[in-house]
Amino acid sequence: SEFRELCRNHAKEFIKLQSDGFESFGVLGDFNNPYVTMDFLFEAKIFDSLCDIAKSGILAQRYKPIYWSWACQTALAEAEVEYKDKVSDSIFVRFNLSETTKAKLSHLGDNASIIIWTTTPWTLPANVAIALNPNIEYVITTKGFIVAKNLHQKLCIDMDIGEIKSNINQNELENLSAINPLNNRESKIILGENVSDSDGSGAVHTAPGDGEDDYNVGLKYNLDVLVPVDDFGAYDSSVVSLALFPKDVADEFVGVNVFKAQDRILELLGDSLLKHTKITHSYPHCWRSHKPVIYRATTQWFILMDKPFFDGL
């Protein structure tokens, strides 16, 4: 209560400053009775409306990824983010197809795998899917790698992935699975139009708790939203309970900042790490701390605009 009263007094100071400024410019208004969202009557109306919304069944709690400043332990609005150059790890990783998938699609061969590309290796523990684009061409190479056809030659420059063996139908792979080499968890193969064949491999590592596009496609496929990162940007104990790292090393990641954990993650990938480079790119930073931010899902309340408000509509 004391903290809230201090906040109210702080807000009142700036309301007076704004009012004085408006009046000095000759702005007309009822400055003795301004529209203020912290008025108790206004708050009561919000509460009444929220109760009506909840009773109608269109109020729901979901996880949704947002900009998160781990340095300040707070969510950030778009206007609170500034973009600066950042050096990031760019990696290409092999995800072998699961045994079940290989059995269903035996024509792909026993060594078939999908190459994913990411610049956020710290999100790999929370991977739940691999997204392919339903509208671009994919091929499988003589060495069993599945990549976008337009990117094959570019990938061959630095990686020995073999020549094109044949085209493949990505629709056959939908809802089947590959294996995350970091933790041996299954990763569902899905289709999403957010996937590009202008860069990368044509296959996007998908973690709905760590990205806007990932979250949106995750809603379509009802994917799990894993959030193994705490307010301070460090892995929490769920990396152990959910087996997001190999069992014998999971404990060493608890309490470690995600950016500081990346070198160790690259080590654990072993032979599945096909290529690793450093890139400099524009990256969102917190305007207060000037530290790089992360995308992190937090619990939020939503009014479901995709549900009918009234029966029969």
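The basis for the numbers below is simple: all heavy atoms, side chains too, and nothing from hydrogens, waters or symmetry mates.
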Exercise. Quick one: does T120's side chain have a donor or acceptor within less than 3.5 Å of a partner on T123's backbone?
Worked result: no
query = Around D248, counting heavy atoms of other residues, nucleotides and ligands shown, do more than 12 lie under 6.0 Å from its CG?
reply = yes
Check: Do other residues, nucleotides or ligands put more than 12 heavy atoms under 6.0 Å from the NE2 atom of H10?
Finding: no
### Query
Any Lys/Arg nitrogen of E172 or K104 sitting under 4.0 Å from an Asp/Glu carboxylate oxygen of the other?
no
Test side-chain contact (heavy atoms from CB on, under 4.5 Å), reference L176, set T100, L105, I190, output is L105
Taking the six-membered ring for Trp, are H285 and Y283 parallel (under 30°), tilted (30 to 60°) or perpendicular (over 60°)? perpendicular
Using a 3.5 Å distance criterion without hydrogens, assess whether the side chain of D230 forms a donor-acceptor pair with backbone atoms of G233. yes
Rounding to 0.5 Å, atoms OG (S49) and NZ (K45) come to a distance of 8.0 Å
- Message: Does this structure show an ion pair linking D199 with K154, if we count only N-O contacts that are shorter than 4.0 Å?
- Response: yes
When rounded to the nearest 0.5 Å, the distance separating CZ of R62 from OG1 of T298 is 14.0 Å
Exercise for the section: Would you mind checking if D160 and K143 are paired as a salt bridge, meaning a charged N to carboxylate O distance below 4.0 Å? Expected result: yes
Discussion item. Less than 4.5 Å apart, side chain to side chain, heavy atoms only: is that true for S88 and H281?
Written reply: yes
Inset, instruction - Measure the acute angle between the ring planes of F22 and F31, then classify it against the limits of 30° and 60° as parallel, tilted or perpendicular. - result: tilted
**OP:** Evaluate the side chain to side chain contact (heavy atoms under 4.5 Å, CB included) criterion for residues W70 and N257: first the C-alpha distance (whole Å), next the side-chain angles of each, then the deciding distance (0.1 Å), finally the verdict.
**Re:** CA-CA 9 Å; W70 53 270; N257 182 275; 3.6 Å; yes
Q.
Looking at L151, is its backbone amide N or carbonyl O close enough to the side chain of Q153 to form a donor-acceptor pair, meaning the two atoms are under 3.5 Å apart?
A. no
Closest heavy-atom pair, K291 versus A71, reported as atoms and distance to 0.1 Å, is CG-CB, 3.8 Å
Between K12 and M38, does the side chain to side chain contact (heavy atoms under 4.5 Å, CB included) criterion hold? Intermediate values first, please. CA-CA 10 Å; K12 287 175 184 177; M38 70 176 183; 3.5 Å; yes
Inset, instruction - Report whether I130 and F145 are members of the same hydrophobic cluster (ILVMFWY, side-chain heavy atoms less than 4.5 Å apart, transitive linking). - result: no
Which of L268, L273, L269, D271 passes side-chain contact (heavy atoms from CB on, under 4.5 Å) with P181? It is L269
T37 vs E43 side-chain heavy atoms within contact, under 4.5 Å: no
Closest non-hydrogen contact found for P34 with N32 is CD-C, 3.5 Å
Cation-pi, F259 ring and R264 (6.0 angstrom, 45 degrees) | no
- Item | Atom CG of L28: over 12 foreign heavy atoms under 6.0 Å | no
- For the side chain of T280 and the backbone of K86, is there at least one donor-acceptor N/O pair under 3.5 Å apart? no
Do I146 and S113 come within less than 4.5 Å of each other through their side chains, counting heavy atoms only?
no
ask   = Any chance the rings of Y215 and Y63 have centres within less than 6.0 Å?
value = no
Min side-chain heavy-atom separation K165-V139 under 4.5 Å | no
Just so I know, are the side chains of H276 and S90 near enough to count as touching, which here means a heavy-atom distance under 4.5 Å? no
message: Show, in sequence, the C-alpha distance, side-chain angles and deciding distance for S187 and S177, and conclude whether the side chain to side chain contact (heavy atoms under 4.5 Å, CB included) test is met.
response: CA-CA 5 Å; S187 183; S177 62; over 6 Å; no
(message) Measuring only between side-chain heavy atoms, which start at C-beta, is L173 closer than 4.5 Å to I168?
(response) yes
Taking every heavy atom of S196 against every heavy atom of S198, the minimum-distance pair comes out as OG-OG, 2.6 Å
*Could you tell me if the ring centre of Y235 sits under 6.0 Å from that of F245?*
yes
If hydrophobic clusters are built by linking Ile, Leu, Val, Met, Phe, Trp and Tyr wherever their side-chain heavy atoms come under 4.5 Å apart, do I66 and V229 end up in the same one? yes
For I161 and C156 the tightest heavy-atom approach is CG1-SG, 3.8 Å
- N133 side-chain N/O to V195 backbone N/O, donor-acceptor pair under 3.5 Å: yes
Exercise for the section: Report whether L226 and L182 are members of the same hydrophobic cluster (ILVMFWY, side-chain heavy atoms less than 4.5 Å apart, transitive linking). Expected result: yes
Rounded to the nearest 0.5 angstrom, the NZ-CG distance for K275 and D158 is 3.5 Å
Checklist line | I136 side chain reached by K149 side chain, heavy atoms, under 4.5 Å | finding: no
### Query
Does a sphere of radius 6.0 Å around NZ in K84 hold more than 12 heavy atoms from other residues, nucleotides or ligands, not counting ones at 6.0 Å or beyond?
yes
Next item on the list: Let me see the working for Y83 and S282 under side chain to side chain contact (heavy atoms under 4.5 Å, CB included), right down to the final yes or no.
Entry: CA-CA 6 Å; Y83 285 83; S282 181; 3.5 Å; yes
When rounded to the nearest 0.5 Å, the distance separating NE2 of H152 from CE of M159 is 10.0 Å
query: Is there a donor-acceptor contact under 3.5 Å from the side chain of Q262 to the main chain of W122?
result: yes
I'd like to check E5 versus N9 (side-chain heavy atoms, cut-off strictly below 4.5 Å). Are they in contact? yes
Got a donor-acceptor contact below 3.5 angstrom from the T119 side chain to the D89 backbone? no
Basic-acidic side-chain contact under 4.0 Å: K188, E174 = no
Q. Is a side-chain N or O of N180 found less than 3.5 angstrom from the main chain of L124, in a donor-acceptor match?
A. yes
- Query: Are the side chain of S56 and the backbone N or O of I53 linked by a donor-acceptor pair below 3.5 Å?
  - Reply: yes
**Prompt:** Is L97 reachable from I116 through a run of I, L, V, M, F, W or Y residues, each pair having side-chain heavy atoms under 4.5 Å apart?
**Reply:** yes
When rounded to the nearest 0.5 Å, the distance separating OH of Y138 from OG of S166 is 15.5 Å
Checking the side chain of D214 only, and the main-chain atoms of A207 only, is there a donor and an acceptor separated by less than 3.5 Å? yes
Interatomic distance, OG1@T101 vs CG@L108, rounded to 0.5 Å, equals 9.5 Å
When D236, D231, D210 are each screened for salt bridge (Lys or Arg N to Asp or Glu O under 4.0 Å) with R296, the one that passes is D231
Smallest heavy-atom separation, G200 atom then L155 atom, equals O-CD2, 3.5 Å
- With hydrophobic residues grouped by side-chain heavy-atom distances under 4.5 Å, do V93 and V128 end up in a single group? yes
Closest non-hydrogen atoms of G202 and L132, given as atom of the first, atom of the second and distance, are O-CD2, 3.9 Å
